[in-house]
Amino acid sequence: MRATPMPDFIPQCNPAALVEELRSEIDAAIARVLQGGPYILGPEVEAFEAEWAKWSGVAHAVGCANGTDALELILRSLDRPVGSRVLAPSHTAVATIAAIVRSGHRPMLADVDPYTYGLDPASVARCLEAAKAEGDPVRALIAVHLYGHPVDLDALQELCNSYGIPLVEDGSQAHGTRWRGQRVGSFGVAAGFSLYPTKNLGALGDAGVITCLSSEHAARLKRLRQYGWEQPAISEEPGVNSRLDPLQAAILRVKLPLLEAHNRHRQAIAAVYREQLMGQATVKLPAGADERAEPVYHQFVVQLPEPQRDAVRARLAELGVGTLLHYPQAAHQMPAYRGQAWVELDPAGLPATEALLPRILSLPMGPHMSLDQAAQVAEMLVQAIEGTR
């Protein structure tokens, strides 16, 4: 077997690289806020909200402190009875589940499709029917567009309509992902987006944004994000403190015009991976684009044989390739939620989720990479697999 020269280290993600590329523009944006203020909300946040709404193809956007808060605020705005069941995937960033609990509700966890990593409509249907039969129906559904691939929105919208429940989108890993040509975040009653530094559009700290369809809903969300205020210091209803920092808004405004190009670059990296790895029998590739779905590859997650995954990962690290596990445990396996009476699961269990976890591996992905580096990563993955058999 031919030895490949060890490359410079290729990190799994590298948000600092984009900061360096945009240093002068970011410095100017920060200076603009520092010199002019205000330092809480204000015109910088309003400008980002308008720009994100236009880019997303929705009527309204509401900035908040982070993606977890975005989902919590949406759930609060739906006025479901306290302690209601909210359906979500167990295979997701645990922030999705934390938002359900923080909003005063109970998670019911469904299985995922092992190819798209999104909610499995058959599992969702079982959960909805089981909850209804128990007289404790699901009151809302959170569809997570995990790793930048859209869920089957046709099937999930039909199920939500049939059971009379709102569809909430978690687009935290799917900035710009399209379903039937339409950007996600515009299908449900509202959508929450994390703008964490490693996201396709990332701040330089915590940040989040919500999209919604009506001015009334946007006004309610803005009230809830700041203590329930309509006017300063007078709470019309209980709210929280979850305001998008204007410094982060200014930084996001610098980066937003580049997001489309960065997503295309992620798609090009994914195409290199797919071309180089499609002949590898031991590598299961993630779902790609088709006539309905256009993913933006927040992550490129492959599946390897369970006994081999950790050894392959260690070998890649030796070769100078960073990888990550998204995620080592599903929510129902974590100590906070495992075995809790208030956490319900699909009556048929979560076999796809549990089979995925010891197999998944996130390869390097992002605008910090060149296509040549993507080809190197793919080549070294093949070497690592062959060397650990």
Side-chain angles (χ1 to χ4, degrees), residues 15 18-19 21-74 77 95 145 169-177 183-186 190-227 229 239-263 296 298 367:
L18 187 56
V19 174
E21 181 182 328
L22 299 173
R23 171 73 71 175
S24 60
E25 294 94 333
I26 289 173
D27 286 347
I30 292 172
R32 182 174 70 241
V33 176
L34 295 180
Q35 292 165 5
Y39 303 135
I40 298 292
L41 296 175
E44 204 71 51
V45 171
E46 292 168 2
F48 171 70
E49 290 171 336
E51 290 162 9
W52 178 257
K54 181 178 179 181
W55 190 87
S56 300
V58 298
H60 302 280
V62 177
C64 58
N66 55 67
T68 311
D69 285 1
L71 293 175
E72 179 185 350
L73 288 165
I74 293 169
S77 75
H145 304 294
E169 295 178 77
D170 182 346
S172 296
Q173 299 186 10
H175 306 160
T177 293
R183 284 195 171 124
V184 302
S186 58
F193 294 85
S194 169
L195 303 171
Y196 187 80
T198 59
K199 297 297 193 282
N200 291 39
L201 178 66
L204 299 188
D206 273 321
V209 67
I210 302 165
T211 56
C212 62
L213 306 181
S214 75
S215 57
E216 294 79 11
H217 198 179
R220 177 85 188 284
L221 289 162
K222 288 180 180 180
R223 188 165 67 239
L224 287 170
R225 78 177 173 187
Q226 188 169 223
Y227 310 117
W229 291 356
V240 299
N241 179 3
S242 181
R243 299 174 293 213
L244 176 60
D245 190 302
L247 284 169
Q248 299 298 347
I251 293 164
L252 290 163
R253 293 183 66 201
V254 171
K255 298 173 79 173
L256 179 57
L258 303 173
L259 180 54
E260 193 70 40
H262 288 165
N263 282 345
V296 293
H298 173 60

Side-chain donor/acceptor of Ser56 to backbone N/O of Ala53, under 3.5 Å: no

Close side-chain approach of Pro246 to Pro43, heavy-atom, < 4.5 Å: no

Trp229 and Leu224, any side-chain heavy atoms less than 4.5 Å apart: no

Side-chain donor or acceptor of Glu169 paired with backbone N/O of Gly185 under 3.5 Å: yes

Check: Val62 and Val209 side chains under 4.5 Å, non-hydrogen atoms: no

Which atom of Leu213 lies closest to which atom of Ala59, heavy atoms considered: O-CB, 3.6 Å

Atom pair CD1/CG of Ile26 and Leu204 - distance to nearest 0.5 Å: 5.5 Å

Check: Asn241 and Gln226 side chains under 4.5 Å, non-hydrogen atoms: no

Pair Glu25 + Lys255: basic N to acidic O under 4.0 Å: no

Interatomic distance, Ile251 atom CD1 to Asp27 atom CG [nearest 0.5 angstrom]: 9.5 Å

Which atom of Ala65 lies closest to which atom of Ser242, heavy atoms considered: N-OG, 3.0 Å

No-hydrogen, no-angle side-chain donor-acceptor test under 3.5 Å, His60 and Thr211: no

Donor-acceptor pair, side chain of His175 and main chain of Leu201, under 3.5 angstrom: yes

Step-by-step side-chain contact (heavy atoms from CB on, under 4.5 Å) determination, Ile210 to Leu73: CA-CA 9 Å; Ile210 302 165; Leu73 288 165; 4.0 Å; yes

Glu216/Arg223 ion pair, N-O < 4.0 Å: no

Smallest separation among heavy atoms of His217 and Ala190, with atom names: CE1-CB, 3.9 Å

Val33 side chain reached by Asp245 side chain, heavy atoms, under 4.5 Å: no

Trp52 six-ring face occupied by Arg253 cation (under 6.0 Å, within 45°): no

Spacing of Phe193 atom CZ and Leu71 atom CG [to the nearest 0.5 Å]: 10.0 Å

Which atom of Thr68 lies closest to which atom of Ala95, heavy atoms considered: OG1-CB, 3.3 Å

Pairwise distance CG(Asn263) to NE2(His298) - rounded to 0.5 angstrom: 11.0 Å

Side chains of Asp206 and Tyr196, donor plus acceptor under 3.5 Å: no

Over all atoms of both residues, closest heavy-atom pair of Cys212 and Val58: O-CB, 4.2 Å

Arg243 side chain reached by Ile40 side chain, heavy atoms, under 4.5 Å: yes

Flag, side chain of Arg225 to backbone of Gly239, donor-acceptor distance under 3.5 Å: no

Rounded distance (nearest 0.5 Å) linking atom CG of Asp170 with atom OG of Ser194: 8.5 Å

Distance-only polar pair, side chains of His145 and Gln173, donor-acceptor under 3.5 Å: no

From Leu252 atom CG to Lys199 atom NZ, the distance as rounded to the nearest 0.5 Å: 13.0 Å

Side-chain heavy-atom pair Glu49, Lys222 within 4.5 angstrom cut-off: yes

Closest non-hydrogen atom pair between Ala207 and Leu244, with its separation: CB-CD1, 3.5 Å

Any side-chain heavy-atom pair of Trp55 and Arg183 under 4.5 Å: yes

